[in-house]
Asker: 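Dropping a structure here in structure tokens format, bear with me for questions.
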Amino acid sequence: METRVVQLLRTHGFPEPQRQFVVRADGRFVGRVDLAFPQWRVAIEYESFEWHLGATALLRDSQRRNALIGSRWTVLTATAEDVRTGGRELCTVLHAVARNFGVAEQA
């Protein structure tokens, strides 16, 4: 599904994100994210019921997301619904974040 998210990002005019990107802050490991635009400090995590269900997953994912936000990263969530519907909502938010870095919307 990550590949499909990358494809829809390309369709909406974004450059190729880095996959399985390791985020570090002050030399310490913060987390590994599914997709990243390090130039904008944006992480995109693909969430599915298969891997992100239950107390253990909720705690793990929440701690990682909080650590990323604490390191001044924006964390966006992609889902199967985003892929199914073409990712318009996800990409609208990503375009807004990218505009903060002077990136004009292309799609």
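Every heavy atom of this structure was used, including side-chain atoms; hydrogens, water molecules and symmetry mates were not.
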Asker: Heavy-atom distance under 4.5 Å between the side chains of Asp61 and Arg64, does that happen here?
Answerer: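 Contact flag for Asp61/Arg64 side chains = yes.
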Asker: Excluding sequence neighbours, so at least two apart, what forms side-chain hydrogen bond (donor to acceptor under 3.5 Å, both in side chains) with Thr74?
Answerer: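 Listed in chain order: nothing, the list is empty.
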Asker: With clusters built from Ile, Leu, Val, Met, Phe, Trp and Tyr whose side-chain heavy atoms come within less than 4.5 Å, directly or transitively, what are the remaining members of the cluster of Phe29, listed by chain and number?
Answerer: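 Under the 4.5 Å side-chain rule, Phe29 groups with Val22.
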Asker: Could you work out, with side-chain contact (heavy atoms from CB on, under 4.5 Å) as the rule, every residue matching Glu2, not counting sequence neighbours?
Answerer: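 Scan of Glu2 (side-chain contact (heavy atoms from CB on, under 4.5 Å), adjacent residues dropped) gives Gln20, Asp34, Tyr46.
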Asker: Among Thr77, Leu90, Val5, Leu76, which residue satisfies the side chain to side chain contact (heavy atoms under 4.5 Å, CB included) criterion with Asp82?
Answerer: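 Checked Thr77, Leu90, Val5, Leu76 against Asp82; only one passes side chain to side chain contact (heavy atoms under 4.5 Å, CB included): Leu90.
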Asker: In this structure, which one of Val75, Leu94, Val33, Val6 forms a side chain to side chain contact (heavy atoms under 4.5 Å, CB included) with Ile44?
Answerer: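 Option passing the side chain to side chain contact (heavy atoms under 4.5 Å, CB included) with Ile44: Leu94.
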Asker: Examine Ile69 and Leu35 and state if one hydrophobic cluster contains both, with Ile, Leu, Val, Met, Phe, Trp and Tyr joined whenever side-chain heavy atoms are less than 4.5 Å apart.
Answerer: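 No, Ile69 does not connect to Leu35 through the hydrophobic network.
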Asker: Listed by chain and number, what are the salt bridge (charged side-chain N to carboxylate O under 4.0 Å, His left out) partners of Arg65, not counting sequence neighbours?
Answerer: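 With sequence neighbours excluded, Arg65 shows a salt bridge (charged side-chain N to carboxylate O under 4.0 Å, His left out) to Glu47, given in chain and number order.
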Asker: Any side-chain heavy atom of Trp40 within less than 4.5 Å of one from Phe14?
Answerer: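 Trp40 reaches Phe14 side chain to side chain.
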Asker: For Arg84, check salt bridge (charged side-chain N to carboxylate O under 4.0 Å, His left out) against everything at least two apart and list the hits.
Answerer: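 Arg84 satisfies salt bridge (charged side-chain N to carboxylate O under 4.0 Å, His left out) with Glu81 once adjacent residues are dropped.
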Asker: Got Pro17 and Leu9 here, is their nearest side-chain heavy-atom distance under 4.5 Å?
Answerer: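 Pro17 reaches Leu9 side chain to side chain.
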Asker: Please name all residues satisfying side-chain hydrogen bond (donor to acceptor under 3.5 Å, both in side chains) with Arg24, sequence neighbours left out, ordered by chain then number.
Answerer: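 For Arg24 there are no side-chain hydrogen bond (donor to acceptor under 3.5 Å, both in side chains) partners, ignoring immediate neighbours.
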Asker: Would you say His12's side chain and Gly86's backbone share a donor-acceptor pair under 3.5 angstrom?
Answerer: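 Present.
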Asker: Looking only at side-chain N and O atoms, does Arg41 offer a donor or acceptor that is under 3.5 Å from a partner on Ser71?
Answerer: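 Not at all, the side chains of Ser71 and Arg41 share no donor-acceptor pair under 3.5 Å.
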Asker: By side-chain contact (heavy atoms from CB on, under 4.5 Å), which residues pair with Pro38, not counting sequence neighbours?
Answerer: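 Gln18, Phe21, Ala36, Trp73.
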Asker: Mind checking side-chain hydrogen bond (donor to acceptor under 3.5 Å, both in side chains) for Glu89 and listing every partner two or more places apart, or none if nothing turns up?
Answerer: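 Per chain and number, Glu89 pairs via side-chain hydrogen bond (donor to acceptor under 3.5 Å, both in side chains) with no residue.
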Asker: Where do Leu8 and Cys91 come nearest, in terms of heavy atoms and distance?
Answerer: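 Minimum heavy-atom separation between Leu8 and Cys91: CD1-SG, 3.7 Å.
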Asker: Tell me every residue that passes side-chain hydrogen bond (donor to acceptor under 3.5 Å, both in side chains) with Arg10, counting only those two or more places apart in sequence or in another chain.
Answerer: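 Scan of Arg10 (side-chain hydrogen bond (donor to acceptor under 3.5 Å, both in side chains), adjacent residues dropped) gives Glu16.
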Asker: What's the spacing between Glu45 CD and Arg32 CZ if we round to 0.5 Å?
Answerer: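 Nearest 0.5 Å value for the CD-CZ distance: 11.0 Å.
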